[in-house]
Amino acid sequence: MMTKGIVYVIDDDEAMRDSLNFLLDSSGFSVTLFDSAQAFLDALPGLAFGCVVSDVRMPGIDGIELLKRMKARQTPFPTLIMTGHGDVPLAVEAMKLGAVDFLEKPFEDERLTAMIESAIRQAAPAAKNEAIAQDIAARVASLSPRERQVMEGLVAGLSNKLIAREYDISPRTIEVYRANVMTKMQASSLSELVRLAMRAGLLND
């Protein structure tokens with residue numbers, strides 16, 4: 001069963017949470033409910049990519065403060081803000097802080113589901129790229145200083161012999177380091193290693 005995507009609903013009003021849960025679940029989304037922005041932020045590091053639908057006026061951390069904190073953490077989740085009637089200045093503030101869009105309550109169900117679908121579709125590639133970039137950075141971080149030097153030599157086009165001469169170690173030792181680099185970087189070929197180094201920003205044009 002494929003879902004249309006994950007939606008995180010943040011609202012302190014239980015009746016609103018329940019109605020959104022019913023609407024989004026029946027529209028084919030996987031829904032997780034939060035009764036406060038703090039509860040969502042606490043759970044955020046372990047959450048899979050999804051669309052956040054948050055009320056703007058809540059006790060404690062409101063929708064505006066939530067957006068500020070998500071921006072500070074560089075969270076790639078698209079966020080839709082629900083505002084009460086006449087909250088347009090708040091909605092504009094939310095857009096400036098990175099909200100994808102806002103809805104004035106009461107809103108039509110179809111409008112909300114269409115906005116969520118669009119937000120997920122537009123943000124998913126960037127979020128995926130971000131996840132890949134973080135994964136590559138983690139691989140680079142796992143290299144020892146010497147392995148890192150060997151990798152830089154390899155992607156610069158130096159042979160094992162030249163790298164060995166530069167660091168005054170034997171070519172056999174370089175081969176061991178080279179094998180470690182390929183394993184840790186999960187690269188099956190030198191060209192793939194070069195591509196990974198480029199994605200990690202280790203290659204200057």
Side-chain angles (χ1 to χ4, degrees), residues 1-138 199 201:
M1 168 71 188
M2 277 292 288
T3 68
K4 290 183 179 175
I6 301 172
V7 182
Y8 302 108
V9 172
I10 308 170
D11 201 314
D12 59 306
D13 178 348
E14 191 178 350
M16 189 70 191
R17 285 200 307 276
D18 288 346
S19 73
L20 283 170
N21 188 24
F22 178 76
L23 161 67
L24 297 171
D25 187 58
S26 56
S27 300
F29 293 100
S30 168
V31 189
T32 306
L33 304 174
F34 294 93
D35 59 5
S36 71
Q38 188 60 59
F40 170 74
L41 288 167
D42 290 344
L44 184 56
L47 298 180
F49 173 76
C51 179
V52 179
V53 177
S54 174
D55 194 22
V56 74
R57 289 187 185 273
M58 295 181 287
I61 300 173
D62 63 6
I64 298 296
E65 183 59 31
L66 170 68
L67 282 164
K68 287 179 183 167
R69 295 195 187 190
M70 286 175 69
K71 194 172 181 179
R73 293 189 191 186
Q74 298 182 319
T75 306
F77 296 10
T79 306
L80 296 171
I81 293 289
M82 299 176 289
T83 63
H85 182 62
D87 270 343
V88 175
L90 271 179
V92 172
E93 172 82 357
M95 298 280 283
K96 284 183 184 163
L97 286 168
V100 181
D101 214 331
F102 67 91
L103 279 142
E104 281 190 276
K105 295 179 186 174
F107 44 76
E108 288 151 15
D109 294 352
E110 292 77 27
R111 179 136 188 266
L112 174 64
T113 54
M115 281 166 77
I116 291 172
E117 281 179 31
S118 162
I120 289 176
R121 201 170 45 245
Q122 287 171 7
K128 198 170 163 204
N129 283 341
E130 177 62 27
I132 292 169
Q134 285 178 345
D135 181 39
I136 294 171
R199 297 266 331 233

Participant: Going from OG on S19 to CG on D11, what distance comes out if it is rounded to the nearest 0.5 angstrom?
Facilitator: 8.5 Å

Participant: Do I10 and V52 make a side-chain contact, defined as non-hydrogen atoms from C-beta onward lying under 4.5 Å apart?
Facilitator: yes

Participant: Could you list the donor-acceptor pairs under 3.5 angstrom formed by side chains in residues 96-103, with sequence neighbours left out?
Facilitator:
none

Participant: Hey, mind stepping through R17 and N21 against side chain to side chain contact (heavy atoms under 4.5 Å, CB included) and telling me if it holds?
Facilitator: CA-CA 6 Å; R17 285 200 307 276; N21 188 24; over 6 Å; no

Participant: Report the C-alpha distance between T75 and E130 in whole Å, list the side-chain angles of each, state the deciding distance to 0.1 Å, and finish with yes or no for side chain to side chain contact (heavy atoms under 4.5 Å, CB included).
Facilitator: CA-CA 10 Å; T75 306; E130 177 62 27; over 6 Å; no

Participant: Should the heavy atoms of other residues, nucleotides or ligands under 6.0 Å from CZ of R199 be counted, would the total exceed 12?
Facilitator: yes

Participant: Indicate every side-chain donor-acceptor pair of residues 34-49 with a distance under 3.5 Å to a residue at least two apart or in another chain.
Facilitator:
unit_1, atom_1, unit_2, atom_2, d
S36, OG, A39, N, 3.1
Q38, NE2, D42, OD1, 2.9

Participant: Measure the CG-CG distance between D18 and L33 for me, rounded to the nearest 0.5 Å.
Facilitator: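 Spacing of CG (D18) from CG (L33) equals 7.0 Å.
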
Participant: Which heavy atom in P78 sits nearest to a heavy atom in A119, and how many Å separate them?
Facilitator: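 Closest pair (atom of P78, atom of A119, distance): CG-O, 3.7 Å.
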
Participant: Counting C-beta onward and ignoring hydrogens, is there a side-chain heavy-atom pair between V31 and L20 closer than 4.5 Å?
Facilitator: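 A side-chain contact under 4.5 Å is absent here.
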
Participant: Between I64 and A94, what is the shortest heavy-atom contact and its length?
Facilitator: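 Of all heavy-atom pairs spanning I64 and A94, the closest is CD1-N, 3.7 Å.
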
Participant: Could you tell me the separation between the CE atom of M82 and the CG atom of L112, rounded to the nearest 0.5 Å?
Facilitator: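 M82 atom CE to L112 atom CG measures 8.0 Å (nearest 0.5 Å).
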
Participant: Rounded to the nearest 0.5 Å, what separates atom SG in C51 from atom CZ in R121?
Facilitator: 12.0 Å

Participant: Among residues two or more places apart or on two chains, list those pairs meeting side chain to side chain donor-acceptor pair (under 3.5 Å) that have a residue in residues 58-67.
Facilitator: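 The answer is E65-R69.
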
Participant: Determine, step by step, whether K105 and M16 satisfy the side chain to side chain contact (heavy atoms under 4.5 Å, CB included) criterion, reporting the C-alpha distance in whole Å, the side-chain angles of both residues, the deciding distance to 0.1 Å, and the verdict.
Facilitator: CA-CA 11 Å; K105 295 179 186 174; M16 189 70 191; 3.9 Å; yes

Participant: When you measure from the side chain of S118 to the backbone of A114, do you find a donor-acceptor pair of N or O atoms at a distance under 3.5 Å?
Facilitator: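 Such a contact is absent between S118 side chain and A114 backbone.
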
Participant: Could you please spell out the steps behind the side chain to side chain contact (heavy atoms under 4.5 Å, CB included) verdict for V56 and E93?
Facilitator: CA-CA 11 Å; V56 74; E93 172 82 357; over 6 Å; no

Participant: Using 0.5 Å steps for rounding, measure from the OG1 atom of T113 to the CZ atom of F107.
Facilitator: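 CZ of F107 is found 10.0 Å from OG1 of T113.
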
Participant: Could you state the interatomic distance from CG (L24) to CG (D109), rounded to the nearest 0.5 Å?
Facilitator: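 If I round to the nearest 0.5 Å, the distance is 8.5 Å.
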
Participant: Does a side-chain heavy-atom distance below 4.5 Å link L66 with I81?
Facilitator: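 Side chain of L66 against side chain of I81, heavy atoms only: no contact under 4.5 Å found.
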
Participant: Compare every heavy atom of D12 with every heavy atom of R57, then report the nearest pair and how far apart it is.
Facilitator: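 For R57 and D12, the tightest heavy-atom pair comes out as O-OD1, 3.7 Å.
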
